[in-house]
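The block underneath contains the structure these notes are about, expressed in structure tokens.
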Amino acid sequence: MTTHEVFNQAPPLVDYDVSADAALLAGVAREGAPWAVGDLHRLGKLAGTAEPQRWADEANRYEPRLITHDRYGHRVDEVEFHPSWHRLMGVAVGEGLAGAAWADDRAGAHVARAAGLYVWSQVEAGHSCPISMTYAVIPALRNNSDLSEMYEPLLAGREYDPGLRTPTTKRGLLAGMGMTEKQGGSDVRANTTRATRSADGTWRLTGHKWFTSAPMCDLFLVLAQTAAGLSCFLVPRVLPSGEKNVFRIQRLKDKLGNRSNASSEPEFEDTVAWLVGEEGRGVRTIIEMVAMTRLDCVTGSASGMRAALNQAMHHARHRSAFGRLLADQPAMRNVLADLAIESEAATVLAMRLAGAVDRGEHAFRRLAIAVGKFWVCKRQPAVVGEALECLGGNGYVEDSGLPRLYRDAPLNSIWEGSGNVQALDVLRTLHREPDSLEALLAEVSGVDRRIDEAVAGLRTMAMDEGQARRVTERMAVVLQASLLVRHSPAEVADAFCATRLAGDWGHTFGTLPAAVDTAAIIERAAPQ
Ligand SMILES: Cc1cc2nc3c(=O)[nH]c(=O)nc-3n(C[C@H](O)[C@H](O)[C@H](O)COP(=O)(O)OP(=O)(O)OC[C@H]3O[C@@H](n4cnc5c(N)ncnc54)[C@H](O)[C@@H]3O)c2cc1C
């Protein structure tokens, strides 16, 4: 005897190619990595299967556990992860999403890596934190050639070798960073951790950090004060002698999301460290790492939006209400098309920024990464929240995967420079490096009348702190519009310009004007 038959529930979205994303693939080819498309499809197909989706669920459900002491009472300061976390990490490192792009001479290596990160983070975003930091540490570490010679090959390798051991004896390394302290995060100049030089030329650090993610990494860049001011140091978890360095993890953070990843509060006491870059110029040194993690925040947010959009599209194509598939209902079509436009704008911008890193477009990159980090990361929670609602009540339930995407969504906007800090950085760049604005404007001007009008408006805007977000937002939308007009189908670009540039839009997603061809936009964005 059965109580009822189950029907009209969407099947799980599995066995699809996550990389079959028209905006992504065109971006990869355009920005210099057409050679990467085959590997991207292979990774995309793996990402679309059920097994990694299970790893993602388990890595978040069975959270990392701090082990402060061993059974005899010795401090160990280790973090234990579920095996599924290690599987996710193994794929990410193996696919070259950590430091490998720096060892790859092919044009487009950073684009290929960003595209891979975009695809693989759709499975699980938490583990991309140590992956991103390992990628990002390399340019900063190059400020000390001895350290870089020793560690870069292992950071840029494709072997995932977890566990705390002497770094040079391992087959692959991971890196993290410790800047934020209790009394100041954005304002790192308020840091109180002190560093003193030892007779042997190394340094000893004493103090604390309030946030240090992925404390199981092998190496950390840490900011500390010396007589010359804030300086950047390399802190290994295990010393060359094989002895553990002092890195006392007080506790792990109980976070809104990002739960697969461990974020810790370490304390240092006579912790051995090596100076990286010039003493007293620590911010200048570590900013080379932060610039790259900011790029990954853009890519990660574009990835999170795309993952949520895929789920929303899939659900709408399988669920009926009031006699018709949701995907055929005009109000739902407007929502899906609006989300798809936002997602495509984020994806093309992420690929363009990765291309700028590849080609060493310093002036453009300096401004555009800050602009993109502010804007794309701010769009993520809004997009994911709306996509979640497309699944109705199912979207609010853990099994759908949407709650995890939703909890993870605000993070990219907070770390690596919170919204205001990012917008103020944009203003500072405009004032200090006017060539960066010229590079950005040169790219967007003369493409389209609507964009030229917006640029004219931008030039007249007040550039004071109170207007920092307004200016940044405008620049971001203009840049996205120019990319869409040049590289995406007219229906996507026109809808973006009409709504985001010309203002023919409401205050929620799903308020595209009647003239927009929602069918074509949905068709383009639907998961394959
Ligand atoms: C999950 C997680 C993991 C993290 N991992 C790491 C890590 O591995 N390493 C690390 O070093 N840090 C890490 N952080 C810390 C993170 O980078 C900081 O929290 C972030 O930079 C903000 O600094 P804060 O928390 O001190 O906030 P504050 O600097 O106090 O800022 C609070 C608010 O004020 C705004 N604000 C700041 N200055 C101004 C201003 N001048 N004008 C207007 N508004 C302003 C900010 O935008 C923000 O909205 C992590 C944080 C999280 C949540």
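Small disclaimer: the values here were computed from a predicted structure and weren't measured. One-based numbering, in listed order, for ligands and for the atoms of each.
Closest to atom 41 (N) of ligand 1 among all protein heavy atoms lies L424 CD1, 3.6 Å. At the shortest separation from atom 44 (N) of ligand 1 among protein heavy atoms lies N420 ND2, 3.0 Å. For atom 24 (P) of ligand 1, the closest non-hydrogen atom on the protein side is G185 CA, 3.9 Å. What sits closest to atom 21 (O) of ligand 1 on the protein, heavy atoms only, is I414 O, 3.9 Å. Of the protein's non-hydrogen atoms, S418 OG, 3.5 Å is the one closest to atom 22 (C) of ligand 1. Scanning the protein heavy atoms around atom 37 (C) of ligand 1, the nearest turns out to be V421 CG2, 3.6 Å.
Applying the 4.0 Å criterion to heavy atoms of T212 picks out, from ligand 1, the atoms 7 (C), 8 (O). Close approach of ligand 1 to W415 (heavy-atom distance below 4.0 Å) involves ligand atoms 2 (C), 3 (C), 4 (C), 17 (O). For ligand 1, the atoms closer than 4.0 angstrom to any heavy atom of K255 are 1 (C).
Between M177 and ligand 1, an N or O atom pair is found at a separation short of 3.5 Å. The shortest N/O to N/O separation between S186 and ligand 1 falls below 3.5 Å. Considering backbone and side-chain N/O of D187, none are found under 3.5 Å from N/O of ligand 1. Taking only nitrogen or oxygen atoms, main chain and side chain alike, F211 reaches within less than 3.5 Å of ligand 1. In terms of polar-atom proximity, defined here as any N/O pair under 3.5 Å, S213 does make such a contact with ligand 1. Checked against a 3.5 angstrom limit, the closest N/O atoms of M179 and ligand 1 fall inside it.
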Hey, can you pull the donor-acceptor pairs under 3.5 Å for the side chains in residues 426-433, sequence neighbours left out?
residue, atom, partner, partner atom, Å
R428, NH1, D425, OD1, 3.2
T429, OG1, R366, NH1, 3.4
T429, OG1, R366, NH2, 3.3
T429, OG1, D425, O, 2.8
E433, OE2, R366, NE, 3.3

For residues 89-103, which side-chain donor-acceptor pairs fall under 3.5 Å, sequence neighbours excluded?
residue, atom, partner, partner atom, Å
E95, OE1, R42, NH2, 3.2
E95, OE2, R42, NH1, 2.9
W102, NE1, Y135, O, 2.8

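Here L411 has side-chain heavy atoms under 4.0 Å from ligand 1, and that is the only part of it that gets that close. Using a 4.0 Å cut-off between heavy atoms, E416 contacts ligand 1 through its backbone alone, with no side-chain atom that close. At a 4.0 Å heavy-atom cut-off, ligand 1 touches T180 through backbone and side chain alike.
No salt bridge links E265 with K182; every basic N to acidic carboxylate O contact stays at or beyond 4.0 Å. Between R470 and D464 no salt bridge is recorded (no basic side-chain N to carboxylate O distance below 4.0 Å). We find that R259 and D254 are joined by a salt bridge, their nearest charged nitrogen and carboxylate oxygen being less than 4.0 Å apart. Remark: E416 does not engage R294 in a salt bridge, criterion side-chain N to carboxylate O under 4.0 Å. Ionic pairing of E398 and R407 is present here: one or more N-O contacts between side-chain nitrogen and carboxylate oxygen are shorter than 4.0 angstrom. Using a 4.0 Å cut-off between charged side-chain N and carboxylate O, E278 and R284 make no salt bridge. With respect to K244 and E78, a salt bridge is recorded, a charged nitrogen being found less than 4.0 Å from a carboxylate O.
Under the 4.0 angstrom criterion for non-hydrogen atoms, Q422 is not in contact with ligand 1. Within the structure, the closest approach of S263 to ligand 1 falls below 4.0 Å when heavy atoms are considered.
Within a 4.0 Å radius of atom 30 (O) of ligand 1, the protein has no heavy atom. In this structure, atom 34 (O) of ligand 1 has its sub-4.0 angstrom surroundings free of protein heavy atoms.
The aromatic rings of F220 and F247 lie tilted to each other, with the angle between the two planes from 30° to 60°.
The backbone N or O of G466 sits nowhere less than 3.5 Å from a side-chain atom of R469 that would complete a donor-acceptor pair. Under a 3.5 Å cut-off, the side chain of S303 and the backbone N or O of T299 do not form any donor-acceptor pair.
In this structure, a donor-acceptor pair under 3.5 Å is absent between the side chains of T472 and Q422.
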